[in-house]
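Note sheet for the following structure.
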Amino acid sequence: MSLISFNPFSHADDVGKEAARLILEGLEQKPSSTIVFPTGKTPIPMYAALRQSEPSRWTHARLFHLDEYYPAPKPGAPIPYETFETYLRRELWDHVPANQYWMEPYFNHPAKYDELVCAESGPDWVILGIGGNGHIAFNEPGSPPDSDTRIIPLSPQTQQDNFGGVHLPGYPTHAMTLGLASILKAKRILLMATGDKKRSIVERALLSSEPPHIDLPASWLKTHPHVTILTDFPL
Ligand code: PGA
């Protein structure tokens with residue numbers, strides 16, 4: 001049975017603080033937690049709050065990323081976008097002494113990354129944003145709930161949202177993403193959505209009575225028993 005709880009706040013900073021509080025509470029209960037972290041604009045306040053935590057809390061944690069642009073840029077070559085490794089290092093991973101699992105070394109072996117994430121029958125936490133088209137991680141529309149961790153083409157809308165255009169020279173057209181199957185194996189899922197433009201997709205994917213379907217990947221969260229949605233708008 002689905003047990004989605006909706007927690008609306010009035011400010012994006014409060015969404016980030018609450019996400020950080022829940023993650024740190026989880027780490028206190030289980031110091032060796034496996035946590036899968038997102039990138040994007042939405043989680044920035046969460047990372048600011050997590051950086052205030054005592055680094056020793058993180059010693060036994062296992063950190064993974066949700067997705068990464070593919071292919072990797074050539075070492076040293078200038079690129080017009082930021083890899084998710086660079087983002088995650090800056091926002092959290094370089095600040096905490098956790099066990100860290102980068103995605104790029106697994107580009108040719110996505111199933112191995114999946115095995116590491118799901119080593120204990122599924123991650124303890126998957127932290128998510130939501131795309132304007134309802135994607136979670138880079139599980140774009142068309143992704144079934146049993147989709148594997150894989151390399152996937154970015155939809156035109158995602159390329160537009162992330163880079164300001166479609167097939168722009170120097171920008172990636174693909175990414176590796178944790179599959180919906182592994183996301184749905186998480187013991188807890190936390191989804192943050194901030195900014196009024198996310199409201200309609202959250203309502204459509206998670207609040208409506210429409211059954212989950214592949215054109216709206218976030219709607220599969222309705223099949224998960226423990227999802228917490230944090231927003232800065234009322235629902
Ligand atoms: P955003 O991205 O946080 O930058 O809005 C979310 C997503 O595409 O999953």
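Values in this document were obtained by computation on a predicted structure and should not be read as measured data. Note that ligands are numbered from 1 as they come in the structure, with each ligand's atoms numbered from 1 the same way.
- For atom 3 (O) of ligand 1, the nearest non-hydrogen atom of the protein is Thr42 OG1, 2.5 Å.
- Because its NZ or CZ atom is not both nearer than 6.0 Å to the ring centre of Phe64 and within 45° of the ring axis, Arg62 does not count as a cation-pi partner of that residue.
- Taking the six-membered ring where the residue is Trp, the centroids of Trp93 and His65 are separated by under 6.0 Å.
- Atom 6 (C) of ligand 1 has its closest protein heavy atom at Ile130 O, 3.6 Å.
- No N or O atom of Thr39 sits closer than 3.5 Å to an N or O atom of ligand 1.
- Ion pairing between Glu82 and Arg89 fails under the 4.0 Å rule for side-chain N and carboxylate O.
- Proximity annotation for atom 8 (O) of ligand 1: of His135, Lys41, Lys198, Gln157, His135 comes nearest, heavy atoms only.
- Salt bridge Arg57/Glu54: absent, no basic N to carboxylate O contact under 4.0 Å.
- Between Tyr171 and Tyr69, a ring centre-to-centre spacing not shorter than 6.0 Å is recorded.
- Here is the list of ligand 1 atoms found below 4.0 Å of a heavy atom in Gly40: 3 (O), 4 (O).
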